[in-house]
Amino acid sequence: MNTTTYSVQNYDLDATLTSGQAFRWTKNDRQWEGIIGNRWMSLEKRGSQIIAHTPQPAGDWHWLEHYLQLKVDLSAIIRTFPQDPAMKEATRACHGLRLLRQSPWECLACFICSSTKQIVQIQQIVDLLCQRLGSPIESPSSGITHAFPTFTQLASVNETKLRECKMGFRAPYLLSAARTLVEGKLELDSLNAKPIEEARECLMTLDGVGPKIADCILLFAYGFPEAFPIDVWIKKALSTLYFRGRPVSAAKLNTFVSSHFGPHAGYAQQYLFHYMRTAKP
DNA sequence: GTCCAGGACCTAG
DNA sequence: CTAGGTCATGGA
C-alpha cells in the first residue's frame, strides 16, 4: 500500500512547509505536493492526522518519518526555550511549527541559491534547476516532474546553463560546490559525525557558503540543534525584540545568541523567523 | 522608479 | 574586526 496515516500532535504542516526550510512544496487544494528524494509525495493534514501518499512503492515509510521528524517531542523542545516575552509570543503565534530533516546536498544547493533572494524566488530557481537538470519522475497531478539534480548531474553543465535558471551571480558558486563534491574533496556524509564547529568549517570551505548558509545546512539537513542561522529577518527580529531596535554588531549578536536561546536554539530561531515573516504589524 | 530579498566575497580602513 | 561596494533578478 502506498498510502499511510500518522496521528500527530502539535504539527502545523502549513507553517512547516512554508517557513523557508524547503522549497519544493506546493499546495493543491488541501494537499501538499512535493518531492522527497526520488519520490513524488502528497501530504494532507486532516484534524490530527497526516495522510501521506506516493504512487511508487513506499517501503517502510521510515524515510518519511525521518523527513517530517514525526518522533520529535515538540513540547519538550519548546520547554527549553527562554521564557522571555518575545519567545513566548513567537511560540504562541507559530504553534506546531517544526523543523524538517532534509538531504544535505539538496539543502546545500538550495541555500547556495538563496542569498538575497525572497523565498518565492528561491522556489522559482529551484524549480527551474529541477526541470532542466533533474531526472524525470512520474507524478499523478502533472504527468511528469523532476528529482532534484544530483551534484554529478549539476557538475556536468556549464555556468551559462545555470544562469538560465535565473540564479545570477550564484551560478559559479553552485557549480564550484558541485564540482568539489564530485572530486571527493568534501564528503557530505561524514559531517554528521563531526563536532558542529568542525562541520561548519568544512561547509564554509565551499564556494558561496558563508556562516549563514552553513548554519542552515547544519540545522535543516544535519539536525545540529544549536545551529542558528542569522539572516536579515533574524537580525531584524533580534534587534527589535531584544535590543530596543538598535542596530547590533555581528559579534554582539553571536554572543547574545549563543548564550540566550538554549540547547535547541535552532528551533527557537525558526519560530522567530516565521513569526517575523507572518505576524501582522 | 526605488527598495529589498533566509549572503558571500573582496578590498580598504 | 568593521564598513562599503559588487554580484543578478524579480517581488513589493
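Letters go in sequence order (proteins before strands), and every chain restarts at 1. Since this is a predicted model, take the numbers as computed values, not measurements.
Only the C1' atoms considered, B/dC4 is 16 Å distant from C/dT6, to the nearest whole Å. When the P atom is compared between C/dG5 and B/dG6, the two are found 23 Å apart, to the nearest whole Å. Rounded to the nearest Å, the gap between the C1' atom of B/dG1 and that of C/dG11 is 14 Å.
Distance CD (A/Gln123) to P (B/dG6): 10 Å, rounded to an integer number of Å. Rounded to an integer number of Å, the gap from A/Leu174 CG to B/dA8 C1' is 14 Å. Atom-to-atom, CD1 of A/Ile217 to P of B/dG6 comes out at 17 Å; the value is rounded to the nearest Å. The CZ atom of A/Phe169 sits 10 Å away from the C1' atom of B/dC9 (whole-angstrom rounding). In this structure, the CZ atom of A/Arg200 is 9 Å from the P atom of B/dA8, given to the nearest Å. Following rounding to the nearest Å, A/Asp231 (CG) and B/dA5 (C1') show an atom-to-atom distance of 9 Å. In this entry the distance linking CG of A/Leu272 with C1' of B/dG6 reads 14 Å, nearest Å. For the pair A/Leu218 CG and B/dG6 C1', the interatomic distance rounds to 15 Å; values are reported in whole Å.
Nearest heavy atoms, A/Tyr271 versus A/Leu74: OH-CD2, 3.7 Å. The nearest pair of heavy atoms linking A/Val209 to A/Ala214 is CG1-N, 3.8 Å.
Donor-acceptor pairing under 3.5 Å is recorded for the side chains of A/Ser135 and A/Gln153. Using a 3.5 Å distance cut-off with no hydrogens or angles, the side chains of A/Gln56 and A/Arg39 do not pair a donor with an acceptor.
Ring to ring, A/Phe243 and A/Phe256 are close: their centroids are under 6.0 angstrom apart.
Annotation for A/Lys166: atom NZ does not count as buried by contact number, only 12 or fewer foreign heavy atoms lying within 6.0 Å.
A donor-acceptor contact shorter than 3.5 Å is absent between the side chain of A/Arg30 and the backbone of A/Glu44. In this structure, the side chain of A/Ser176 does not engage the main chain of A/Pro172 through any donor-acceptor pair within 3.5 Å. Judged purely by atom type and a 3.5 angstrom limit, A/Ser239 uses its side chain to pair as donor or acceptor with the backbone of A/Arg246.
A heavy atom closer than 4.0 Å to some atom of DNA chain B occurs in A/Gln269, A/Gln270, these being the qualifying members of residues 255-271 of chain A.
Within 4.0 Å of A/Ala251, counting heavy atoms only, lie sugar-phosphate atoms of the nucleic acid but no base atom. Using a 4.0 Å heavy-atom criterion, one finds that A/Lys236 contacts the sugar-phosphate atoms exclusively. Within 4.0 Å (heavy atoms only), A/Gly20 reaches at least one base atom of the nucleic acid. Among the heavy atoms of the strands lying under 4.0 Å from A/Phe220 is at least one base atom, whether or not backbone atoms are also near. A/Ser114 comes within contact range of the sugar-phosphate backbone alone, with a heavy-atom separation under 4.0 Å but no base atom that close.
Distances from the side chain of A/Tyr173 to the nucleotides B/dG6, B/dC9, B/dA5 place B/dC9 closest.
Taking for each of A/Ile234 and A/Asp207 the nucleotide of DNA chain B with the nearest heavy atom, the 5'-most of the two is the partner of A/Ile234.
Applying the Watson-Crick and G-U wobble criteria (two distances, each under 3.5 Å), B/dT11 pairs with C/dA3.
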Atom pairs under 3.5 Å: protein N/O with N/O of nucleotides 10-12 of chain C:
| residue | atom | partner | partner atom | Å |
| --- | --- | --- | --- | --- |
| C/dG10 | O4' | A/Gln121 | NE2 | 2.6 |
| C/dG10 | N3 | A/Gln121 | NE2 | 3.3 |
| C/dG11 | O4' | A/Gln118 | NE2 | 3.1 |

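Ring-to-base geometry places A/Phe273 in a stacked arrangement with B/dG6 (centre distance under 5.5 Å, plane angle under 30°).
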Step by step, work out the side-chain hydrogen bond (donor to acceptor under 3.5 Å, both in side chains) result for A/Ser75 and A/Asp73.
CA-CA 6 Å; A/Ser75 55; A/Asp73 182 352; 2.9 Å; yes
